[in-house]
Structure formats: C-alpha cells, structure tokens
Asker: 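I'd like to ask you about the structure that follows.
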Amino acid sequence: MNFDPFIIPFSVGATFLFVWLFGKLFGWIYTLPKRDQKKLQRHVFSFRILRTFGEIVRECLLHFRLFRINALLGYMHASLAAGWFLLIIFGTVESKVQSGKAFNMPYDPIFYRFFNHAPAHTIQLQTLSFLMDTFLLLVLSAVVFAWFKRLRSKWFGMRRTTRQSRVDRVALTALWLVFPLRFLAESATGAIYGNGDFFTGILGRASESDAVFRMIEYPAWWAYSISLCGFFVLLPFSRYMHIPAEIILVTFRRAGIGHLRRFSAFADIEVESCSRCGVCIDTCQLQKDVDIREVLPVYFLRSIRERDTNEKGASKCLVCGKCAQACPVRIDVNNQRIVQREEFNSNKNFQPLHFEKAQYSGGGKIGYYAGCMTHLTPSIKLAMVKILLAAEADFVFLDQEGSLCCGRPMLLAGEFNGAAAIAMRNEKLIKDCGIETLITSCPICLKMFSEEYQLNIPVLHHSQYIEQILEENKITLNLNRSSYTYHDPCELGRGLGIYDAPRSILTKAGKLIEPDLVRKHAPCCGGSIGSVNLTHAEKKAVTTIAIGKYVETHADILVVSCPLCKKTFVGPNKIKVMDIAEIVADRCEK
Amino acid sequence: MSAKNFGFSIHKDRQIDYDKNYREFYYRVKAVEPSISLCISCGNCTATCSAGNFTSMNLRNVILLAARGEVNNLGDNVSACLLCGKCQLGCPRGVNTRNVVIAIRKELKIRRKP
C-alpha cells in the first residue's frame with residue numbers, strides 16, 4: 001500500500017465532503033412531499049434516467065448553454081469541469097492498470113506520479129500518461145482563462161461580474177492553486193525520475209540538474225494535497241456547491257419535481273445550484289437603469305442561502321423573468337422571488353371577501369374576458385368588440401360590468417391564500433357562463449388562467465385569436481404604409497412563450513421593424529405589477545429607457561399586446577403606442 | 001335612558017380627536033411606504049377600483065382615515081383589495097397604492113395581535 005503523510009489533508013477533506021453531500025442529499029429527499037418522492041423513485045429506476053445523464057453531461061460537464069452565451073466563457077467552464085472529470089476517471093484507470101489490481105486506495109490516482117516512479121513501459125500506460133497530461137493542460141488553460149476573466153470580463157461576454165463573498169474568494173483561490181500545484185509536483189517528480197510526459201516533463205527537460213526539483217518535490221505534493229483539502233472543505237459553504245447541486249437539480253427537474261408554494265427542498269437545491277456566475281447581472285433592468293443591486297439573482301439567491309433577510313431584493317423586483325431566461329442553470333428566479341415574498345408576508349392567513357355581487361354575463365360560445373387592466377384602457381376592449389363583431393363570432397363580453405381580479409397580482413405579492421381564494425371564485429364565475437373558448441386581452445390574466453385555473457376550455461390571448469380569424473379569412477386587413485415596432489410583454493413572451501402570433505398579424509398589417517432586443521430578451525415596460533414597492537420615479541426611469549429603444553427604430557407606432565404595457569408606455573413620447581387589437585380594428589374589413 | 005324620538009335625528013359627533021386617535025398607525029405605514037404622504041384624496045383610485053365595483057372598498061377613504069388615525073373601520077375595507085394595481089395607474093401623484101394596502105394590512109394585523 002502506498003502511503004505518505006501528505007495524503008492526510010486530502011483524505012480528510014474528501015471524506016468530509018462526501019459525508020456532507022450525502023447528508024444534504026438525504027435531507028432533501030426526506031423533506032420532499034410523498035408524491036414527489038415517488039416521482040423521483042420512478043424516474044431513477046426507468047430508462048428516462050439515461051436522458052437525465054445526457055443532460056448532466058451536456059450542462060454540468062460541457063456547459064453547452066454557456067457556450068451559447070459566449071464561446072470563451074463556455075470553453076473556460078467546460079475545460080475546467082470536463083477536464084477535471086476526465087483527470088479523475090483516467091487517473092483512476094491509470095493507477096489500476098499500473099498496479100494490476102481492481103481495488104486500490106482512493107488517493108492513489110491523485111498522487112499517482114509520486115508513488116510510481118517507473119516510466120510508462122507498456123503502450124496502455126503510455127497512452128494513459130499522455131492523456132493525463134493532455135487533460136491537465138486543458139484544465140490549466142481554463143485556470144489561465146479564469147485569471148484573465150478577472151481582468152477582462154468583457155471578452156467573456158459579461159459587462160459586470162459578481163462581487164464574490166469572502167468564502168467564495170478563499171475557495172476560488174484554493175481551486176486556482178490545485179492545478180498549478182499538481183503541475184509543479186508532477187513536474188518535479190518527473191524531472192527527478194524522468195517519467196514526465198510531454199507536458200509534465202517540460203521542466204525536467206529544460207534544466208540540467210535536478211537539485212532544485214529534489215528540494216521542491218515534497219513540499220509541492222504537500223501543498224497540492226492541502227489546496228485540495230481546502231477546496232473540499234469550503235465547497236459546501238461556497239459557490240462551488242453548485243457542482244454537486246446542479247446534478248441533483250437536473251435529476252429532480254427531469255423527474256417532474258417543481259416549486260411548491262413554500263420554500264421547499266427543490267427551492268433549496270436551486271439556491272445551492274446558483275454558481276454566481278453573474279450572467280444574470282447584465283440582463284437586469286433595475287441594476288442597469290436604477291442601480292438597485294439587491295434584486296440581482298446572484299445576490300438575492302445568496303441571501304436566501306445564507307438565511308439573510310433581503311426584503312428589498314424580494315419585493316422590488318419586477319418579476320420580468322429576464323434573469324431566469326439568461327440563467328445557464330435555468331433557476332426559476334421568479335418563483336424563488338414570490339416564495340420569498342410569501343415568507344416575508346406577515347399576513348399569511350389573509351382571506352379576501354367573497355364578492356357575492358360579482359357576476360359575469362353568459363350566452364355565447366366565445367367568452368371575451370377583458371380583465372382589470374383592459375377596463376382601464378377602454379380603447380382595447382372597444383377594438384376587441386369591433387373585431388369580434390366583424391368576424392361574426394358568437395361571443396359574449398363576460399366582464400362588461402367590471403371584472404373580478406384573476407388573482408395573479410396577489411400571487412405575485414406573495415399572498416398565496418388570498419390569491420387561491422380569488423382564483424377559485426373567479427374560476428367558478430367563468431365556468432358558470434358556459435362558454436367554449438375564452439379570449440382575454442390581458443397577458444397577466446392569461447398566465448393565471450392557463451397555469452392556475454382548471455377551466456378545461458381553450459384559453460387564448462386576443463393576438464392568438466386574431467391570428468386565427470385572419471387565417472380563416474373571417475376578417476381581412478387592408479395593408480397600409482405604416483411601420484410598426486413590437487414590444488414583447490413579459491407575461492406574454494417570457495411567461496407564456498407567445499412571440500409569433502402578434503408578429504404574424506403585424507406583418508399582415510404593415511411593415512414590422514424589430515428593435516435590438518426582441519422576444520425573450522425584450523425589456524420590461526417598468527409598470528409590472530410584479531414589483532411590490534418600486535417607487536414611481538424608479539419605474540419611470542425603467543420605462544423611459546425601455547421606450548427609448550423603440551423610438552430608435554423610427555417606426556410610426558409602437559405596438560403592444562398588454563394593457564398594462566400600453567398604460568405604462570403612453571405619455572409624451574416620440575412614438576405612438578397602440579395595442580395590437582386597435583391596429584387590427586382600424587384596418588379590418590369584413 | 002332612551003332618546004326621545006322627535007321625528008328627526010342628528011349625526012353622531014364626528015369630531016376628529018387627534019389625541020385619542022391612533023395616529024402612530026399612519027407614521028408606521030409611512031415608514032414602510034413613504035409615498036402614502038403624496039395622496040391628495042382625488043379619488044382616482046376609487047374610481048378605477050375593481051374591488052370597489054362589487055364592494056364598498058374605497059382607497060381614498062382608507063388613506064384619509066389612516067391619516068387621521070381612525071383605524072377601527074379600516075379592516076373590512078382593505079381586506080377587499082385584490083392588489084390588481086389599477087389604482088396605481090390611475091394615481092396622478094404616483095402613490096404606490098398596492099404597497100400602501102399591503103402595509104396597512106400588515107399594520108392592522110400587528111395591532112390586533114398584542
């Protein structure tokens with residue numbers, strides 16, 4: 001058995017890490033609801049697990065999503081993760097082949113060169129030795145890139161990067177030291193015994209005498225072991241917890257486990273999976289336009305993880321979802337946010353009134369539900385009625401006499417009980433009307449109807465309905481020379497993935513000019529009801545900057561498909577703001 | 001002693017006594033949502049109110065009563081609020097009405113607790 005005292009730090013660190021991680025994993029599975037535990041069990045013991053492995057390799061090792069953001073950033077992470085993984089795998093194989101035994105000490109591959117001085121004599125060992133040097137070179141290149149990223153983050157596609165906490169910095173230093181020290185230690189041993197390969201043999205070939213190497217060899221192996229120990233011990237308390245947590249997150253997500261209406265094990269795994277890479281920082285409008293840093297998911301998730309109260313971070317956010325779509329780990333930041341709001345809400349058992357007086361009118365196949373916000377922008381509902389009449393649809397205006405709220409604003413404010421009660425009441429009111437299709441003008445309502453209600457009928461946004469009747473030639477548009485630019489509302493675009501219906505209508509109505517940021521990258525108008533306590537001035541700043549991008553396109557009309565966006569954007573602008581229904585109503589011919 | 005019926009009645013005394021009223025309430029809410037002090041009682045919020053369409057919810061009144069420290073009748077009124085945010089869009093002064101309601105609900109609960 002190979003032994004030297006310097007393996008002790010490594011062994012202690014690795015043992016601690018494994019015990020900690022298994023404890024954590026057990027805790028997570030234990031606190032899952034029974035239903036989710038069964039889901040997980042069914043998933044792990046089925047062939048679907050192979051696809052999960054595929055995703056783990058793609059995302060946790062090769063970091064495909066990061067490559068899509070920036071090639072350098074992707075290379076840096078992929079070469080570090082995959083390189084290190086391959087070092088472990090091939091190192092294990094190498095040590096087993098060399099010793100000729102299937103079982104050896106777990107630290108043997110880590111300190112292989114120290115214990116085996118004989119140069120590789122068989123072709124297998126030569127190949128393995130060559131591969132090991134290649135992987136070490138790959139990992140070291142990643143470390144060099146990581147150093148370089150500190151100086152020039154712009155080259156990696158990031159204007160701003162995360163301000164790391166102290167633990168993270170220490171762990172980062174340990175990680176950065178591991179591979180240069182390994183290189184140094186292996187090179188020193190290689191120089192003395194002449195067993196270094198093309199890379200670890202460089203130092204040996206470069207110098208005549210090995211006196212220096214004899215002096216540094218032993219301390220270098222010690223330092224290597226200590227830096228590994230430091231990294232392993234700090235891993236559970238630093239950002240590097242994302243390495244094991246992301247694997248678990250991918251598995252849980254693939255098993256169909258999601259957020260609950262409280263801070264659950266799944267939410268905890270998500271929080272631990274945040275690597276604080278900082279990709280979300282550049283997307284956040286509150287950080288860019290009004291310099292509120294607390295809302296940034298990197299810091300917000302960190303404050304959750306450290307059980308720190310960050311009420312500002314939870315409540316100021318617009319819940320536009322831009323950070324979530326940029327996140328390479330696909331953390332559902334929006335849900336994290338509203339769950340935290342619920343945690344801060346001291347009024348958890350709040351029950352709203354029953355609203356006996358509320359009543360919707362029935363008697364038609366298609367129900368048009370304007371929603372609260374549309375009642376505040378009457379031109380949209382008038383336009384919709386005109387379109388529905390033109391299409392000769394058998395429709396009824398459900399909430400002509402005023403609507404009850406869908407419940408989403410309450411949900412977003414973290415009042416889950418109230419939201420559920422309102423949603424139930426509203427669902428019953430809609431069901432009682434006996435309609436077959438529901439059309440709504442408000443993306444906020446639409447999101448709530450399709451995700452929280454059990455209406456069992458098709459629910460459409462008015463843009464989808466208009467696209468449908470245009471295709472069926474129930475109405476036609478007379479083309480004119482107006483040029484349009486289109487704003488993707490958060491809830492409709494990122495929230496529900498409806499990007500094409502409004503665009504297809506606009507290309508039929510005139511010329512569509514796209515601004516710089518479209519679809520999932522589109523800005524929030526700033527009026528979002530997602531924010532609980534963003535001040536008027538802050539909202540205004542976000543709105544002004546957002547609309548500026550549309551003014552730059554020099555289009556005649558800024559088209560929106562959300563009454564709230566319209567209400568937020570209208571004002572003394574250089575561009576006219578109209579809802580898509582108004583555009584169609586103006587141009588439609590039977 | 002029962003009051004004699006003269007065929008007409010007079011209103012209950014509506015003197016607003018700042019010494020007796022719970023004016024601290026207003027300052028506590030204001031600490032959470034400072035924009036409450038911008039309110040000019042124009043009533044735009046009440047005109048747009050979804051909940052006010054079906055109930056007696058009246059945000060203008062709520063803020064006015066809160067400012068006077070007359071908090072005893074606020075409960076029913078604010079519990080009708082759906083937080084839909086229409087009032088916020090209607091407000092000419094930029095009061096963050098949603099958070100005003102949330103803050104009042106929390107304060108009322110704290111007060112009821114002791």
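Reminder, nothing fancy here: chain letters follow the sequence lines and each chain counts from 1. Because the structure is a prediction, the values reported are computed rather than measured.
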Asker: When heavy-atom pairs shorter than 4.5 Å are enumerated against chain B, which of Ser315(A), Gly402(A), Cys372(A), Cys405(A) gives the highest number?
Answerer: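 Looking at each of Ser315(A), Gly402(A), Cys372(A), Cys405(A) in turn, Cys372(A) comes out on top.
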Asker: Can you pull out the residues in residues 39-56 of chain B with any heavy atom less than 4.5 Å from chain A?
Answerer: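 If one takes a 4.5 Å heavy-atom cut-off, the residues of residues 39-56 of chain B near chain A are Thr48(B), Ser50(B), Ala51(B), Asn53(B), Phe54(B), Thr55(B).
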Asker: Taking every heavy-atom pair that is under 4.5 Å apart, which of His536(A), Glu401(A), Lys540(A) has the most such pairs with chain B?
Answerer: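 Winner by heavy-atom pair count: His536(A).
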Asker: Please name all residues satisfying ring pair (Phe, Tyr, Trp, His ring centres under 6.0 Å) with His487(A), sequence neighbours left out, ordered by chain then number.
Answerer: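 His487(A) satisfies ring pair (Phe, Tyr, Trp, His ring centres under 6.0 Å) with Tyr550(A), Phe569(A) once adjacent residues are dropped.
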Asker: Just by modelled atom types, is the Pro409(A) backbone N or O under 3.5 Å from a matching donor or acceptor in the Arg98(B) side chain?
Answerer: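 Yes, because the side chain of Arg98(B) sits within donor-acceptor range (under 3.5 Å) of the backbone of Pro409(A).
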Asker: Heavy-atom cut-off 4.5 Å, strictly under: side chain, backbone, both or neither for Ile422(A) against chain B?
Answerer: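 Only the side chain of Ile422(A) comes within 4.5 Å of chain B.
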Asker: Which one, Thr568(A), Ile444(A), Asn533(A), leads in non-hydrogen pairs under 4.5 Å with chain B?
Answerer: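 Top option by heavy-atom pairs under 4.5 Å: Asn533(A).
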Asker: Using a cut-off of under 4.5 Å on heavy-atom pairs, state which of Leu404(A), Leu412(A), Thr535(A) scores highest against chain B.
Answerer: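 Top option by heavy-atom pairs under 4.5 Å: Leu404(A).
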Asker: How far does CG of Leu534(A) sit from CD of Gln88(B), to the nearest 0.5 angstrom?
Answerer: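 Here the interatomic distance stands at 9.5 Å.
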Asker: Applying salt bridge (charged side-chain N to carboxylate O under 4.0 Å, His left out), name anything that partners Asp308(A), two or more places apart in sequence or on another chain.
Answerer: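 For Asp308(A) there are no salt bridge (charged side-chain N to carboxylate O under 4.0 Å, His left out) partners, ignoring immediate neighbours.
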Asker: Which bit of Ser531(A) is near chain B, if near means a heavy-atom gap under 4.5 Å: side chain, backbone, both or neither?
Answerer: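 Interface part for Ser531(A): backbone (N, CA, C, O).
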Asker: Check each atom of Lys539(A) against the heavy atoms of chain B and say whether the ones under 4.5 Å are side chain, backbone, both or neither.
Answerer: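 Lys539(A) touches chain B through side-chain heavy atoms alone.
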Asker: Please report the C-alpha distance between Ile102(B) and Glu415(A) in whole Å, then the side-chain angles of each, then the deciding distance to 0.1 Å, and finally whether the side chain to side chain contact (heavy atoms under 4.5 Å, CB included) criterion is met.
Answerer: CA-CA 10 Å; Ile102(B) 294 174; Glu415(A) 294 193 2; 4.3 Å; yes
Asker: More than 12 heavy atoms of other residues, nucleotides or ligands under 6.0 Å from CD of Gln359(A): is that the case?
Answerer: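 Check fails, neighbour count at 12 or below.
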Asker: Would you call Leu89(B) and Leu564(A) a side-chain contact if the rule is heavy atoms closer than 4.5 Å?
Answerer: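 Touching, per the 4.5 Å side-chain cut-off.
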Asker: Which of residues 79-86 of chain B have a heavy atom under 4.5 Å from any heavy atom of chain A?
Answerer: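 Ser79(B), Ala80(B), Cys81(B), Leu82(B), Leu83(B), Cys84(B), Gly85(B), Lys86(B), listed by number.
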